[in-house]
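Only heavy atoms go into these numbers, but all of them, side chains included; no hydrogens, no water, no symmetry mates. Residue numbering restarts at 1 for every chain, and letters A, B, ... go by the order of the sequence lines.
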Amino acid sequence: MKNAEIAAALDELADLYELDGAVVYRVVAYRQAARSVRDSSRSVAQLAAEKRATELPHIGKTLEEKIRTLVETGEIPQAVKLRKKFPGELVRFIEIPGLGPKTARKIYDELGIVTLDELRAAAETGALKSVQGLGPKAEQNILKSLDAGGEPERAERFLLSAVLAIGEEIVGALRTHEAADRVEIAGSARRWTDTCKDLDIIATAHDPVALTQAFTELELVGEVRASGEAGARIVTNNGLSVDFRVVAPDQFGNVLQHLTGSKQHNMALREYAVRRGLHVSEYGVEDDEDGSKHTCASEEDVYRLLGLPYIEPELRENRGELKAAIDGALPDLVREEQIRGDLHMHTTLSDGRSTLEQMAKAGQDRGYQYLAVTDHSATFGFGNDVQPDALKRRIEEVRAMNEEMKGFRLLAGSEVNIQLDGSVDYDDDLLAELDWVVASVHTSFRMSEERMTERMTAAMEHPLVDAIGHPTGRKILSRDPYHVDVERLIAKAAETGTMLEINAAPDRRDLNDLHARAAAEAGVLIVIDSDAHSHQLLPLMRYGVATARRAWLEPRHVANTRTWKELQKLRKRAR
DNA sequence: GCCGTTTTCGGCCCGACTGTTTTCAGTCG
């Protein structure tokens, strides 16, 4: 059973317990456990079978036992029982915004309503109003929500690259405004999550009104939703909601910390603070001892008041960063300027838009020491294949260019296709001529998990395959990863010395943060690549570095923080 | 139901908003 299925079962049980009126802490415990299971890079079913699931945060003896029962029998008895007690679509009532468990329960108790259709009918006939606490607004709200397609509206999410493009434009414009002092991006964009629901920007200013007005008058503003003396909410022309707030300078740290989140991190942080007699909010840190309230100009001050070192935004997901901070064991996260080369990109030889020369120049301009050009191989499926002869000519070309460049090394590489049987599509003799080989899956995405895992692990056995490109094949917001057992990929990578890629394309970021963290913990070397299809796209590297940082990676975990001379020795063919 | 440099029992984040209220419970982020 997949972690996602187990997590869904725990979430459902949390909903049921909530309807049943269980103490809220038990409900919270189930939700936290569900999240823990979902986040785990290891198979929780297997952990539970080995009685090791309690190693995960928020999983105790009770939940381990329930998970084991779920895996063995397909059900948790308490859920079966509660589903009988609360029949029909009752749990789905909670999905309607504004309708919580208490209200859903009251509607059921007093009117006996169990389906969404019955709920709609009761709202239309006015029967709902007989329930204490429900008035005309509640009726309208329920009807509006049900009319929106029965399903509650799913908030549209945006790719981080789209959000940062807007965020950086806004920040750039406002920082040059004469009324501004500080302007920063906050929220999930500051944590470099894969996608964002909206964008938060906060500022300090000696003229908040003028700066707020400047914000609402930016060219990218499509609609002003709300506007006040020290902040506004707008929607951009392409539909992104942006919150802007001007705050007092001595409170900037508190607000930035609060709005950066994540919610989970802040909850854990506040709980920790409470144990020390301190109360944290966006307004300051209050001390139980004497009731004094401290505001902070910087985030560093917020963490310092709690007796903690600064925690980087990318780590603030409540994935152990608090404990690491307390123990003084926070990672020294890899930084973009530590990347010395890029090992996956394309030119006009296959499907790229820039020439070899343009790529080499762009790499040098970025301060890289080396660059591997890895055009698609002979069976690439879009008419841009590179036949062996063409690759041989390319290798000669690269060698010749290296003669003329100082302090920079161009590497002859290829992104070879992993075929259905796990073989790759050049002869070994030709592969041996290359400096760098990344192998990727580009066909038959819909194989069974078993076959896909066999296929990819077979490719890792090849002595000349240095790394696996975009190992799960996901396209964020548009394509699910292919069915593959990432745990087994990681184990095989560790066994064979094959590196795994964090592909930095902002719609890939593949491996993702959780998988990359698990791979590094297993001793697998990670290589961060831009997969640039144009010389202008080498800077996409930053999204890969961001994923690496969210994966707690230090420079030592990342192969291409090393010089080519060092990196060469780490390839399995050098072993 | 989980968890532990104040606790193995007794705690468990914080504030804003909303609608139906006459002082606040429920919901949300």
Any side-chain N or O of A:Tyr25 less than 4.0 Å from the OP1 or OP2 oxygen of B:dG1?
no

Torsion-based syn/anti label for B:dT7, 90° from 0 as limit
syn

With a 4.0 Å cut-off on heavy atoms, is A:Val27 in touch with a base, just the backbone sugar-phosphate, or nothing at all?
nothing

Answer yes or no: does a side-chain N or O of A:Lys66 lie under 4.0 Å from OP1 or OP2 of B:dG1?
yes

Would you indicate which nucleotide in B:dG1, B:dG15, B:dC12 comes nearest to any side-chain atom of A:Val274?
B:dC12

With heavy atoms under 4.0 Å as the rule, sort A:Leu134 into base, sugar-phosphate or nothing.
sugar-phosphate

Would A:Glu223 and A:Arg225 pass as an ion pair if we require N to O under 4.0 Å?
yes

Exactly one of A:Glu317, A:Glu314, A:Glu312 clears side-chain hydrogen bond (donor to acceptor under 3.5 Å, both in side chains) with A:Arg191, and that residue is A:Glu317

Take atom OH of A:Tyr272 and atom P of B:dC13, then tell me their distance rounded to the nearest Å.
16 Å

When you measure from the centre of the six-membered ring of A:Tyr17, is the NZ or CZ of A:Arg26 closer than 6.0 Å and no more than 45° off the axis?
yes

For B:dC12 and B:dC17, measure between their C1' atoms and round to the nearest Å.
24 Å

Starting the side chain at C-beta, find the nucleotide from B:dG1, B:dG19, B:dC28 nearest to A:Pro97.
B:dC28

Nucleotide B:dC2, atom C1' - distance to CD1 of A:Ile59 in whole Å
10 Å

So A:Gln257 and A:Asn266, do their side chains get closer than 4.5 Å, heavy atoms only?
yes

Taking the C1' atom in each of B:dT21 and B:dG26, what is the distance between them to the nearest angstrom?
12 Å

Assign each of A:Gln132 and A:Glu271 the nucleotide of DNA chain B bearing its closest heavy atom; nearer the 5' end lies the nucleotide of A:Glu271

Do A:Leu211 and A:His206 make a side-chain contact, defined as non-hydrogen atoms from C-beta onward lying under 4.5 Å apart?
no

If we ignore angles and hydrogens, is there a donor and acceptor under 3.5 Å between the side chains of A:Thr115 and A:Asp117?
no

Counting the atoms with a prime plus P, OP1 and OP2 as sugar-phosphate, which does A:His279 contact under 4.0 Å by heavy atoms, base, sugar-phosphate, or nothing?
sugar-phosphate

Spacing of the C1' atoms in B:dC2 and B:dT7 (rounded, Å):
14 Å

Let me know the distance between CD of A:Glu139 and C1' of B:dG19, rounded to the nearest Å.
13 Å

Residue met sooner reading DNA chain B from 5', once A:Gln78 and A:Arg275 are mapped to nucleotides:
A:Gln78

If you check every side-chain atom of A:Val23, which of B:dT27, B:dG1, B:dT6 has the closest atom?
B:dG1

Picking from B:dG1, B:dG19, B:dG15, the nucleotide nearest the side-chain atoms of A:Ser281 would be B:dG15

Which of these nucleotides, B:dG1, B:dT20, B:dG15, is closest to any side-chain atom of A:Ala138?
B:dT20

Closest to side chain of A:Lys263, choosing from B:dC2, B:dC28, B:dG29:
B:dG29

Whole Å only: how far is the CZ atom of A:Arg233 from the C1' atom of B:dG29?
11 Å

Rounding to an integer number of angstrom, what distance separates B:dG15 and B:dT20 when you compare their P atoms?
26 Å

Grab the CD1-C1' distance between A:Ile96 and B:dG19 for me, whole Å please.
17 Å

Would you kindly say whether A:Asp513 and A:Thr547 are connected by a side-chain donor-acceptor distance under 3.5 Å?
no

For the C1' atoms, the ones on B:dC13 and on B:dG29, what distance do you get once it is rounded to whole angstrom?
12 Å

Strand partner of B:dT8, provided both Watson-Crick or wobble distances fall under 3.5 Å:
none

Separation of A:Asn266 atom CG from B:dC14 atom P, in whole Å?
11 Å

Out of B:dG1, B:dA16, B:dT27, minimum distance to the side chain of A:Thr103 belongs to B:dT27

Could you tell me how far B:dG1 sits from B:dT5 if I compare only their P atoms? Round to whole Å.
23 Å

Atom CZ of A:Arg276 and atom C1' of B:dT7: how far apart are they, to the nearest Å?
16 Å

Selection from B:dT27, B:dC14, B:dG1 that lies nearest to any side-chain heavy atom of A:Lys102:
B:dT27

Let me know the distance between CG of A:Asp198 and P of B:dC28, rounded to the nearest Å.
17 Å

Side chain to side chain, A:Arg316 and A:Arg190, heavy atoms closer than 4.5 Å:
yes

OP1, OP2 of B:dG1 versus side-chain N and O of A:Arg26: anything below 4.0 Å?
yes

Please determine, for the side chain of A:Met267, which listed nucleotide (B:dT20, B:dC13, B:dA16) has the closest atom?
B:dC13

Of the candidates B:dG1, B:dG15, B:dT27, the side chain of A:Pro101 sits closest to B:dT27

